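Take a look at the structure set out below.
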Amino acid sequence: MKDYELSNRKYIIGGIAIIIVIVYTIRLFTLQIMSDDYKKNADSNAFLKKTEYPSRGIITDRNGKLMVYNQPSYDIMVVMNEMQNLDTLDLCRSLNISKDYFIERMALIKDRNKNPGYSRFTQQMFMGQLSDREFSVFQECLYRFKGFYIQRRSIRQYQYPYAAHVLGDVAEVSPSDIEKDDYYQPGDYIGKLGIERSYEKQLRGKKGMQILLRDAHGRIQGRYQNGKLDRRPIAGKKLTLGIDIELQALGERLMEGKIGSIVAIDPQTGEILCMVSSPTYDPRMMVGKRRSKSHHLLSTNVWKPLLNRSIMGQYPPGSTFKTTQGLTFLSEGIITPTTLYPCSHGFSFRGLHVGCHGHAAPLPLVPALSTSCNGFFCWGLYYMIGNRQKYPHVQDAMNKWRDYMVSMGFGYPLGVDLPGEKRGLIPNAAFYDKAYKGSWNGLTIISIAIGQGEVNATPLQIANLGATIANRGFYYIPHVVRKIEGEAIDTSFTRKHVSMASREAYEYIVQGMRASALGGTCHELRRLPFEACGKTGTAQNRGHDHSVFMGFAPMNNPKIAVAVYVENGGWGATYGVPIGSLIMEKYITGKLSEYSEAKARQLQERHISYGTTSR
């Protein structure tokens, strides 16, 4: 009789054997084909792949003056798999570090959450940015610490104590940086702020690689295949800025002890000639090992020196905004150049009063700009918003007004090549419908006619307005970088952006700004050896008013447009005009007269008390 139980057992044993073979086959396939651990282990015994870091691109000003360059630095790298018989105390003494630091650093390297690229077979950053002296001391005893290597690279150095907000700084990559771009490994450096961040890919260059051959004892025997497979690093590209470093230095000097901004633009190209944000700091504070401490000090300072007010500060533009209103009213046919509006110490209608200083009235557009008449522009806005023949609904008039402002560069980021630019605020009909539940008119919003109320702009946008008027109706996107080595400039910076206002309207606004310089609120400009045009602003604030200026020069061949914003500085003529005139004079003539030098010293010494309120 056939023993079925024995026959079935045979199949079961055979099945188990087959399963074991399959499991071992899959495991061997995973280890040898899918995983590279064995390959890495074998490679690490035979080869040392040494990264060669490129020099970061240098940065010069528009006249070729070196602003940012590189200095040699050294990193201590470690390959965990090669550490043998390490005398920890000896290592700590040689590097002048504590044992606690050593333990903490090793734990951090092995933590895959904080160091996602960790492998025990590849070089990991142990300690960075050793000075020449520290490097030479450690190099003498390096042979005692198996698995430790010295990696040469460079760190940034800043030639001048100026333009920190423009230049930015460089720091060690974060885990998110590594996640976003596989170019980076733990311990690499990346631009964090300013153009160091915006132009990181151009500045960083391309890494190289040396493949070194080792013997059975781990000693370097030379280059693998005589360096045939090595890759040389490619240096980063040189950047030439539109910044004039001497103009920048003057601007920072004039803004000492004040909060605010100066922005100067070349109207013919959109290149930014200077960008001052005050308070500022010396960019050399953010270099090397002291960066962390310096960054903490700056970030906890109540005056916020890390904030680039030129592109992040959002302020009421004050009376500089009256130029946009004149352009809109003329172009829309709300007024003509000879239209007269009254000003009884301001705009008064139906119980509403907007004050103004004393001057002759009634008056037309050009004198209204020259004297900075509030009444004239309030009446202009009132008649535009209430014009039912031209605009069937109040919302239509409001949105048309908004479109003009946007076409002049307000309400949205301009697109400057720096990170963090803010948009400001230009309200539209939907904004007021929501705020006033659909019940509003020209009187409700009258303060926007004089750059107050809900209107906000950055100093960059105000300077760009000056450039647009200088060009009689168009602007180029303001940009810091003038030229990139071996590359054409971004085409978005060479395209004209044309305003909705007419060319004829711009000519009248220029006349008004010139009249202001000859005998109006900007009469300080009259002393300059060229025809300058300007418009003051006194922006209301909960404390002292802000002092604002916007202007350009020369009138008929514009080379510079300037905006000055001094928080709590009072009248526009108190700080805005004198600072703006000195910036114009320095750029156009290349120097300051004796009188101007004395004026600059006075302005430098005049500090504004802001109390202790955090800004």
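Computed from a prediction, not measured in an experiment: that's the story for all the values here.
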Please answer whether the main-chain N or O of [Y] pairs with a side-chain N or O of [X] as donor and acceptor at a distance below 3.5 Å.
| X | Y | answer |
| --- | --- | --- |
| Asn308 | Ser310 | yes |
| Thr240 | Thr60 | no |
| Ser154 | Pro72 | no |
| Gln461 | Thr458 | yes |
| Ser294 | Met285 | yes |
| Gln151 | Thr51 | yes |
| Ser407 | Met500 | yes |
| Glu200 | Gly191 | yes |
| Asp75 | Arg153 | no |
| Asp244 | Glu246 | yes |

- Going through the distances and angles, do Ser176 and Ser174 end up as a side chain to side chain donor-acceptor pair (under 3.5 Å)? CA-CA 5 Å; Ser176 63; Ser174 65; 2.9 Å; yes
Is the shortest side-chain N to carboxylate O distance from [X] to [Y] below 4.0 Å?
| X | Y | value |
| --- | --- | --- |
| Glu597 | Arg253 | yes |
| Arg152 | Glu52 | no |
| Lys237 | Glu487 | yes |

- So, Tyr53 versus Tyr189, ring centres under 6.0 angstrom or not?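 That pair fails the under 6.0 Å test.
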- Query: Taking it one step at a time, do Met550 and Met513 satisfy side-chain contact (heavy atoms from CB on, under 4.5 Å)?
  - Reply: CA-CA 10 Å; Met550 179 269 293; Met513 292 176 69; 3.7 Å; yes
Using a 6.0 Å cut-off, check whether atom [atom1] of [X] has over 12 heavy atoms from anything other than its own residue.
| X | atom1 | answer |
| --- | --- | --- |
| Lys422 | NZ | no |
| Tyr162 | OH | no |
| His296 | NE2 | no |

Closest non-hydrogen atom pair between [X] and [Y], with its separation:
| X | Y | answer |
| --- | --- | --- |
| Leu250 | Leu582 | CD2-O, 3.8 Å |
| Glu524 | Ser581 | CG-OG, 4.1 Å |
| Phe377 | Ala449 | O-CB, 3.4 Å |

Under 3.5 Å, sequence neighbours excluded: what are the donor-acceptor pairs made by side chains of residues 262-272?
{"residue": "Asp266", "atom": "OD1", "partner": "Gln268", "partner atom": "N", "Å": "2.9"}
{"residue": "Gln268", "atom": "NE2", "partner": "Asn557", "partner atom": "OD1", "Å": "3.4"}
{"residue": "Gln268", "atom": "NE2", "partner": "Pro558", "partner atom": "O", "Å": "2.8"}
{"residue": "Thr269", "atom": "OG1", "partner": "Glu271", "partner atom": "N", "Å": "3.1"}
{"residue": "Glu271", "atom": "OE1", "partner": "Arg62", "partner atom": "NH1", "Å": "3.1"}
{"residue": "Glu271", "atom": "OE1", "partner": "Arg62", "partner atom": "NH2", "Å": "3.3"}
{"residue": "Glu271", "atom": "OE1", "partner": "Arg482", "partner atom": "NE", "Å": "3.2"}
{"residue": "Glu271", "atom": "OE2", "partner": "Arg482", "partner atom": "NE", "Å": "3.4"}

Donor-acceptor pairs under 3.5 Å, side chain of residues 164-172 to any protein atom, not counting sequence neighbours: which ones?
{"residue": "His165", "atom": "NE2", "partner": "Pro305", "partner atom": "O", "Å": "2.6"}
{"residue": "His165", "atom": "NE2", "partner": "Leu307", "partner atom": "O", "Å": "3.4"}
{"residue": "Asp169", "atom": "OD2", "partner": "Arg291", "partner atom": "NE", "Å": "2.5"}
{"residue": "Asp169", "atom": "OD2", "partner": "Arg291", "partner atom": "NH2", "Å": "2.7"}

Ignoring hydrogens and angles, state whether a donor on the side chain of [X] or [Y] is under 3.5 Å from an acceptor on the partner side chain.
| X | Y | result |
| --- | --- | --- |
| Asn374 | Lys322 | yes |
| Gln511 | Glu507 | no |
| Arg204 | Tyr184 | yes |

- Query: Applying the side-chain contact (heavy atoms from CB on, under 4.5 Å) test to Ile509, which of Val366, Thr468, Leu327 qualifies?
  - Reply: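 Running side-chain contact (heavy atoms from CB on, under 4.5 Å) over Val366, Thr468, Leu327 with Ile509 returns exactly one hit, Leu327.
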- Query: Name the one of Leu203, Leu66, Leu239 that satisfies side-chain contact (heavy atoms from CB on, under 4.5 Å) with Ile58?
  - Reply: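 With Ile58 as partner, Leu203, Leu66, Leu239 yield a single side-chain contact (heavy atoms from CB on, under 4.5 Å), made by Leu66.
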- Task: Sort out for me which residue in Lys559, Arg527, Lys591 forms a salt bridge (Lys or Arg N to Asp or Glu O under 4.0 Å) with Glu585.
- Result: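 The passing option is Arg527.
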Taking the cut-offs as 6.0 angstrom to the six-membered ring centre and 45 degrees off its axis, would you call [X] and [Y] a cation-pi pair?
| X | Y | result |
| --- | --- | --- |
| Arg284 | Tyr158 | no |
| Arg472 | Tyr506 | no |
| Lys496 | Phe474 | yes |

- Mind telling me whether His357 and Trp571 have parallel, tilted or perpendicular rings, with 30° and 60° as the class edges?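 Because their plane-to-plane angle is over 60°, the rings of Trp571 and His357 count as perpendicular.
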- What class does the angle between the rings of Tyr565 and Tyr315 fall in, given that below 30° is parallel, 30 to 60° is tilted and above 60° is perpendicular?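 Taking Tyr315 first and then Tyr565, their aromatic rings lie parallel (interplane angle under 30°).
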- Task: For Leu298 and Met286, run side-chain contact (heavy atoms from CB on, under 4.5 Å): C-alpha distance rounded to whole Å, both residues' side-chain angles, the deciding distance at 0.1 Å, then the answer.
- Result: CA-CA 10 Å; Leu298 293 169; Met286 305 291 272; 3.9 Å; yes
- Message: Set out, in order, the CA-CA distance, both residues' side-chain angles and the distance that settles side chain to side chain donor-acceptor pair (under 3.5 Å) for Thr280 and Ser277, then state yes or no.
- Response: CA-CA 6 Å; Thr280 185; Ser277 178; over 6 Å; no
- Message: Within this structure, what is the NZ-CD1 distance for the pair Lys207 and Ile234, rounded to the nearest 0.5 Å?
- Response: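 Here the interatomic distance stands at 13.5 Å.
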- Verify side-chain contact (heavy atoms from CB on, under 4.5 Å) between Glu252 and Ser278, making sure each step is shown before the conclusion. CA-CA 7 Å; Glu252 294 194 19; Ser278 181; over 6 Å; no
- With sequence neighbours left out, what residues match Asp177 under salt bridge (charged side-chain N to carboxylate O under 4.0 Å, His left out)?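 Partners of Asp177 by the salt bridge (charged side-chain N to carboxylate O under 4.0 Å, His left out) criterion, ordered by chain and then number, come out as Lys192, Arg197.
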- What do the steps show when you test Phe135 against Ile150 for side-chain contact (heavy atoms from CB on, under 4.5 Å), and what is the final call? CA-CA 8 Å; Phe135 158 70; Ile150 290 176; 3.5 Å; yes
